[in-house]
Amino acid sequence: MRAATLTAVNQPLEILDISVDKPRANEVLITTAAAGVCHSDMHFQEGKYPCACPTVLGHEGAGVVEAVGSEVTYVRPGDHVITCVSMSCGNCRNCFRGKPHLCAHEGLIRTPEDGPRLTRKGEVVHQLTELSCYAEQMLVHEKAVVKVSPEVPLDRAALLGCAVTTGVGAVQNTAKVGPGDTVAIVGCGGIGLNAIQGARIAGAERVIAVDMRKDKLELAQVFGATDTVDASDVDVVGEILEMTGGGVDHSIEAVGLKQTAEQCFNMLAAGGTATVIGMIPIGVSIELQGVALLAERKIQGSVMGSNRFRIDMPMYANLYLQGRLKLDELVSRTLTLDEVNDGFAALRTGEVARSVITFS
Ligand SMILES: [Zn+2]
Ligand SMILES: [Zn+2]
């Protein structure tokens, strides 16, 4: 099969011919239909997060089940599925505590004795997050898939695999935004736009979108922003404190920078919570004024929207079919696998919400 492979950090992905193993007892082989191009893939490509090479990138995918291992009962060939990095074993401390998205993945990853899922000329090719969606086929553990209604086009369903789950989930599961809350979202890319629609669906009274690009602020209004702040020409924190009369109940950081994480904390009202979704590069610290904690301001991380994806993703699919969750508007452009590096280039310039690779 053909797959977009990172052979060296900071180099363009190469489309290589990769061999994929047969499914073991608990594995599912999927014919990939679509994969979203997410900033996180670029972080690995740029070496901001560690990544062994060669690796097939991609962690936001959907497709059709082609074959299943002998012990798989959840799906069968022909089922439409979305893959998710948040595999959960059901047996570890975090799974039992109701935090399956923090599962340690014990028993869900192939051991050296099992052999690799992907190889090239007999050599191991790594799978990013055990998924590797930038490939014509995905071989994954059954715990990494969720069935989705065939009514949802797969190039839209793929977006539920990371962008939607991460953004909507951060607002609804991690931050627990409720009716009447005032929420500011800093960064209106694929994740930020989903945080905006998550706040709208949760019933927030004011949803303030912050970005440096006017086109993204316009798109933010389509997703449910009630107010916009152009970060290219105002002091963001001062502006938000003024327009809200003292700060927001919730701020959502969807960029992944020290400066924006600090802004998110500094724009909170008393009792407010800042939730950081963005992947701040390893080694970068953020600084807070300790006195701000006296009024019970909080800052927390959110990974993959604190999801329970086998519940959340079918629910998001239904919201889409009902017209309440926007997916079509997220897709800025469709690419072939060969154009994957163009998708990264577009992310760097900030000109797209999401590029989606489709496979014929
Ligand atoms: Zn992602
Ligand atoms: Zn677990």
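Count residues from 1 along the sequence. One-based numbering, in listed order, for ligands and for the atoms of each.
- Checked against side chain to side chain donor-acceptor pair (under 3.5 Å), Arg206 has the following partners two or more places apart in sequence or in another chain: Asp227.
- Closest approach of Cys84 and Gly161 over heavy atoms only: SG-O, 4.2 Å.
- Contact check on Asp215 versus Arg213 returns a salt bridge, with a Lys/Arg side-chain nitrogen under 4.0 Å from an Asp/Glu carboxylate oxygen.
- Considering every non-hydrogen atom in both Met279 and Ser40, the closest pair reads SD-OG, 3.3 Å.
- A salt bridge links Arg348 with Glu46: the distance from a Lys NZ or Arg NE/NH1/NH2 to an Asp or Glu carboxylate oxygen falls below 4.0 Å.
- The two residues Cys89 and Cys95 make their nearest non-hydrogen contact at N-SG, 3.6 Å.
- When each of Arg110, Lys22, Lys143 is checked for a side chain to side chain donor-acceptor pair (under 3.5 Å) with Glu27, only Arg110 meets the rule.
- For the side-chain hydrogen bond (donor to acceptor under 3.5 Å, both in side chains) condition, the pairs that include at least one residue of residues 298-307, sequence neighbours left out, are Ser86-Asn307, Thr174-Ser302, Thr174-Ser306, Thr275-Gln300.
- Here 3 is the count of protein N, O or S atoms positioned under 2.8 Å from the Zn ion (ligand 1), waters not counted.
- Distances from the Zn ion (ligand 2) under 2.8 Å pick out these protein N/O/S atoms: Cys89 SG, Cys92 SG, Cys95 SG, Cys103 SG.
- At a cut-off of 3.5 Å, with distance as the only test, no side-chain donor of Gln263 or Asn266 sits close to an acceptor on the other residue.
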